[in-house]
Number of protein chains: 2
Amino acid sequence: MGTTQLQTVPESKYWHLRTVLAEALDSDFAVGEVLPNERELAARFGVARATLRQALEQLELEGRLQRRRGVGTTVAPPRVGVAVSTPRDEWPGADEEAWQPLDHGTAAAPAAVARLLETGEGEEVHTVRRIRITNGQSVAAELIYVPSSSVPELSAIEAPSGPARARAVLRELQRLALDAPERAVELGSARAEDAKELDRLPGAPVLVVTTRYVVAGRTAAVSVATYRADTCRLTFGDSGDLEISEAPEETRQAS
Amino acid sequence: MGTTQLQTVPESKYWHLRTVLAEALDSDFAVGEVLPNERELAARFGVARATLRQALEQLELEGRLQRRRGVGTTVAPPRVGVAVSTPRDEWPGADEEAWQPLDHGTAAAPAAVARLLETGEGEEVHTVRRIRITNGQSVAAELIYVPSSSVPELSAIEAPSGPARARAVLRELQRLALDAPERAVELGSARAEDAKELDRLPGAPVLVVTTRYVVAGRTAAVSVATYRADTCRLTFGDSGDLEISEAPEETRQAS
DNA sequence: GAGTGGTCTAGACCACACG
DNA sequence: GTGTGGTCTAGACCACTCA
């Protein structure tokens, strides 16, 4: 009684808290600003820390907050748009885009990948790992699966292991003039390996982009790229910037 | 001491639990099968219920589990591939695709949308809500923003409110031969309104697809579609089925 | 009404970053 | 060392589904 109760369904505490915090972020905080610590925020709102954390998790999922252990919680900058598919479906160039080869190896393709490659389930394929850097930040870790049959000349290449050899494999692929007719995007959680590259904890939400590369009607490679879901907005098509462009000023975040 | 400790970094309890459960799902459970309840699972693994739940949340995020309050936790079927962008970029037909109009109204476009529409910030635009059904299940809720200038003939249309009028607006849009040069995908959480349509709780993870529709170089409409991240894999390009196709049998899930 | 998952509490300790 | 977020516990109660 007396309280203005308009909602028929009283929303849960953490959800309401999320809304309150979101509004506070809009009005009272600048990008990069550090929030009070969780214990203080919880006390301030009169909830248990776990409840507050549930609200913060939501906001982090939405890309509004960034939390780092040992450091604190800061207001996240708007998500960066990363072009995943351009109209000219060229193989993403080694240097035009900020892809950085890590290493090369061979492994049995996972079942899902083997199906796309139309190879035997346990067949050994080449793998190339690389990461994508945007604005000085790792935004994606990619694993490319390449059947030996796609790069027969590779065996003739002598190169040390590591980045150099990875680069050699990528060069071979580029010569093939690959087409990327199909891509799929789904939600996943970062495996420990990817999490390390992306500077996140294992289990962090990621957008998994699976691409089938085709040459002359045959699947020549499959790549599985995991993008940080908190910081990335994947763009497809034309210019690649369906830009939620900020006003001209204010590109820089508070130090 | 004495315990076989091979890992340099001991993984957290819930992450390890996630792995154990994932393996159990692969080997001992069929799609649709109901897991023991959370209290029993927690007891069985000797952890607190909250810890077990953290592991289940991960698996749900990855689309491996489905949890429903009052019912239980079941093994999820593989994600369905939903075609978001086809090579022929036609306006998604009213009936070829399973889009079902809900209602129509007018509202001030949110700032981000207004920017794409190149209209004034607070300007009133038409809105159409519709949901997408695949295999008898709601997979997406969409809100389309249409400036009045894009559908001038609309004022002449007399139609009752609700689905009928929504359909009328969509028909007008179809006549325009819209092109969709740009799309963006990002992670979000379901607002209460969408959550209801999608049969999920507020805050459930969703993939937000923002599309700019263009006719004659001018932005004629913007749609924001939220897809259930747990059940959907978004496909772009060619056939629309970068199908992680199951073996021919076993399309049906256990009742 | 019985049983399920969802929310919430009030603690404790751990892992990490930084001065 | 100090302060941060991350993990974990052992409870309690609530909201929902279904027989």
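Each chain gets a letter, A, B and so on, in the order the sequences are listed, and its residues count up from 1. The analysis underlying the following values was restricted to heavy atoms, covering all of them including side chains, and did not include hydrogens, waters or symmetry mates.
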Worksheet, complete the sentence: Among dG5(D), dT17(D), dC18(C), the one nearest any side-chain atom of Glu38(A) is dG5(D)
Practice prompt. Taking the side chain as every heavy atom from C-beta outward, state whether Leu143(A) and Val128(A) have any pair of such atoms under 4.5 Å apart.
Written response: no
Worksheet entry | Spacing between Lys196(B) atom NZ and dC16(D) atom P, to the nearest angstrom | 13 Å
Discussion item. Under 4.0 Å from OP1 or OP2 of dG6(D): is there any side-chain N or O of Arg67(A) that close?
Written reply: yes
Item to complete: Would you check if there is a donor-acceptor pair between the side chains of Thr74(A) and Gln66(A) at a distance under 3.5 Å?
Response: no
Item to complete: Report yes if at least one side-chain N or O of Thr73(A) is closer than 4.0 Å to OP1 or OP2 of dG5(D); otherwise report no.
Response: yes
Discussion item. Once salt bridge (charged side-chain N to carboxylate O under 4.0 Å, His left out) is applied, do any residues pair with Asp26(B), and if so which ones, sequence neighbours excluded?
Written reply: Arg64(B)
Practice prompt. Please say which of Arg53(A), Arg18(A), Arg67(A) ends up in a salt bridge (charged side-chain N to carboxylate O under 4.0 Å, His left out) with Glu60(A).
Written response: Arg67(A)
Worksheet, complete the sentence: When rounded to whole Å, the CD to P distance for the pair Glu40(B) and dT4(C) reads 9 Å
Worksheet item: Once each nucleotide of nucleotides 7-14 of chain C is scored for protein heavy atoms under 4.0 Å, what B/S/- sequence comes out, 5' to 3'?
Response: BSB--BB-
Discussion item. Quick one about Glu197(B) and Ser138(B) (side-chain donor to acceptor, distance below 3.5 Å, no hydrogens or angles considered), yes or no?
Written reply: no
Fill in: Side-chain N or O of Asn37(A) closer than 4.0 Å to phosphate OP1/OP2 of dT4(D)
yes
Discussion item. Tell me the interatomic distance from Arg200(A), atom CZ, to dC16(C), atom P, rounded to whole angstroms.
Written reply: 14 Å
Worksheet item: CG of Leu35(B) versus P of dG3(C): gap in Å, rounded?
Response: 19 Å
Worksheet item: dG6(C) C1' sits how many Å from Glu57(A) CD, rounded?
Response: 14 Å
Practice prompt. Write down the distance between CG (Asp199(A)) and P (dG6(D)), rounded to a whole number of angstrom.
Written response: 12 Å
Worksheet item: Is the shortest distance from a Lys or Arg side-chain nitrogen in Arg167(A) or Asp103(A) to a carboxylate oxygen in the other one below 4.0 Å?
Response: no
